[in-house]
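Each remark here refers to the structure printed beneath this line.
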Amino acid sequence: MTGLRYVYAVCRPFGTPLQSQLTGVAGDPPRALTHHGLVAVVSHVPERDFAEEPLRRHLEDLDWLTETARAHQGVIDALTTVTTPLPLRLGTVFHDDSGVRTMMEAREEDFLRTLDRLEGRVEWGVKVYAESEPQESARPAQKAASGRDYLRQRRLQTRSHEETWQKAEAFSTRLHEELSAFAEDARLHPPQNPALSKATGRNVLNAAYLVPRAHSEEFVELVDRTKGEMPGMRIELTGPWAAYSFAGETT
């Protein structure tokens, strides 16, 4: 099959085959491309969608991007069950197998060093949301008797909101410190935009933790024990994932 080469991840050679029904981006099954002691997992993609200009346009198309990201993640998830992959960025494309091998050779030392660090480890994501606990705006406000009374009510509402967010920040900071002490490494990501995530509440913690796969159950239990600890705080745990946040991947 002709076309460009879409690269999902780099890993060490693995003996267990991927699921026979697995398809990747643009519907093409992924395959292993070996070079020295590394394997790139690739599939064929059409130039009409993945050459530089059409790819740039597609990355602004939310529906196309969602479908492509889902297929990309499906291959990474399948790899995570059989090996420790080093995921590459969504939309990493080369002209042919030779281009992929050239990239692998140029970055061989970095890849091997990172794979050694990630071997047997997975990423867990933890998000904390502060529910909009002060709901004065949702209830009819008591009619102010005067302008001074109105200003007093507004100050009380503002103070209540500030205290809620301060408690949320303190809770998330303490939780992050506890989880970081258990994990081998941690990354803080910017808070999620609620317009994009559609999640309710204010995202006060968005973090990733690198945990040995063998200790994942303990990590999950540690997170679960904090749920319900503080009213108004919602904790979301996701994973285990390939270690995207710790891959150091910029290409």
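The analysis underlying the following values was restricted to heavy atoms, covering all of them including side chains, and did not include hydrogens, waters or symmetry mates. Being a predicted model, the structure only gives us computed values, none of them experimental.
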Those residues that, when tested against [X], pass side-chain contact (heavy atoms from CB on, under 4.5 Å) (two or more places apart):
{"X": "Arg57", "value": "Glu53, Pro54"}
{"X": "Glu221", "value": "Glu217, Arg225"}
{"X": "Asp96", "value": "Ser98"}
{"X": "Leu115", "value": "Arg12, Leu38, Leu86"}

Item to check | Derivation of the side chain to side chain contact (heavy atoms under 4.5 Å, CB included) call for Thr16 and Thr81 | outcome: CA-CA 9 Å; Thr16 305; Thr81 66; over 6 Å; no

Item to check | salt bridge (charged side-chain N to carboxylate O under 4.0 Å, His left out): pairs with one or both residues in residues 42-52, sequence neighbours excluded | outcome: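 Residue pairs passing salt bridge (charged side-chain N to carboxylate O under 4.0 Å, His left out), neighbours aside: Glu52-Arg56.
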
Checklist entry - According to the salt bridge (charged side-chain N to carboxylate O under 4.0 Å, His left out) rule, which pairs have a member within residues 78-88, sequence neighbours left out? => result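 Counting only pairs at least two positions apart or across chains, no salt bridge (charged side-chain N to carboxylate O under 4.0 Å, His left out) contact touches residues 78-88.
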
Next on the checklist: Between Phe50 and Val25, does the side chain to side chain contact (heavy atoms under 4.5 Å, CB included) criterion hold? Intermediate values first, please.
Outcome noted: CA-CA 10 Å; Phe50 289 88; Val25 172; 3.3 Å; yes

Side chain to side chain donor-acceptor pair (under 3.5 Å) against [X], all qualifying residues, sequence neighbours excluded:
{"X": "Thr23", "answer": "none"}
{"X": "Arg101", "answer": "none"}
{"X": "Glu236", "answer": "Arg234"}
{"X": "Arg117", "answer": "none"}

Closest approach of [X] and [Y], non-hydrogen atoms and distance?
{"X": "Leu4", "Y": "Ala51", "result": "CD1-N, 3.7 Å"}
{"X": "Glu123", "Y": "Tyr244", "result": "OE1-N, 3.0 Å"}
{"X": "Ser172", "Y": "Val204", "result": "OG-O, 3.7 Å"}
{"X": "Gly24", "Y": "Val75", "result": "CA-CG2, 3.8 Å"}
{"X": "Ala78", "Y": "Gln19", "result": "CB-OE1, 3.3 Å"}
{"X": "His189", "Y": "Ala208", "result": "NE2-CB, 3.8 Å"}

Next on the checklist: Between the side chains of Asp77 and Arg70, is the shortest nitrogen-to-carboxylate-oxygen separation below 4.0 Å, so that they form an ion pair?
Outcome noted: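 No.
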
Checklist entry - Would you call Asp116 and Arg113 a salt bridge, taking side-chain N to carboxylate O under 4.0 Å as the test? => result no

Please check if [X] and [Y] belong to a single hydrophobic cluster, counting links between Ile, Leu, Val, Met, Phe, Trp and Tyr side chain heavy atoms closer than 4.5 Å.
{"X": "Ile76", "Y": "Tyr209", "value": "no"}
{"X": "Val45", "Y": "Leu79", "value": "yes"}
{"X": "Ile235", "Y": "Phe219", "value": "yes"}
{"X": "Trp241", "Y": "Leu179", "value": "no"}
{"X": "Phe14", "Y": "Tyr8", "value": "yes"}

Next on the checklist: Using side chain to side chain donor-acceptor pair (under 3.5 Å), reason through His58 and Thr68 one step at a time and then give a plain yes or no.
Outcome noted: CA-CA 10 Å; His58 279 314; Thr68 301; over 6 Å; no

Next on the checklist: What's the separation between atom OG1 in Thr102 and atom NE2 in His35, rounded to the nearest 0.5 Å?
Outcome noted: 7.5 Å

Next on the checklist: Counting C-beta onward and ignoring hydrogens, is there a side-chain heavy-atom pair between Leu237 and Trp124 closer than 4.5 Å?
Outcome noted: yes

Next on the checklist: Test your reading of the model: is there a side-chain donor-acceptor pair from Asp28 to the backbone of Ser43, 3.5 Å cut-off?
Outcome noted: no

Checklist entry - Is a side-chain donor or acceptor of Thr92 paired with a backbone partner of Leu88 at a separation under 3.5 angstrom? => result no

Item to check | Heavy-atom neighbours of Glu218 CD exceed 12 at 6.0 Å | outcome: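 Count over threshold, so yes.
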
Which pairs of donor and acceptor atoms, one on a side chain in residues 226-233, lie under 3.5 Å apart (sequence neighbours left out)?
residue: Thr226; atom: OG1; partner: Val223; partner atom: O; Å: 2.6
residue: Lys227; atom: NZ; partner: Asp224; partner atom: OD1; Å: 3.4
residue: Glu229; atom: OE2; partner: Arg174; partner atom: NH1; Å: 3.2
residue: Glu229; atom: OE2; partner: Arg174; partner atom: NH2; Å: 2.5

Next on the checklist: Going by the rule salt bridge (charged side-chain N to carboxylate O under 4.0 Å, His left out), which residues pair with Arg121 if we only count those two or more places apart in sequence or in a different chain?
Outcome noted: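 Residues passing salt bridge (charged side-chain N to carboxylate O under 4.0 Å, His left out) with Arg121: Glu184.
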
Next on the checklist: Please evaluate residues Arg31 and Asp97 with respect to the criterion salt bridge (Lys or Arg N to Asp or Glu O under 4.0 Å), reporting the C-alpha separation (whole Å), side-chain torsions for both, the decisive distance (0.1 Å), and the verdict.
Outcome noted: CA-CA 11 Å; Arg31 63 185 177 88; Asp97 288 357; 2.8 Å; yes

Checklist entry - When you look at Val42 and Tyr6, which way does the side chain to side chain contact (heavy atoms under 4.5 Å, CB included) test go after all the steps? => result CA-CA 5 Å; Val42 307; Tyr6 186 102; over 6 Å; no

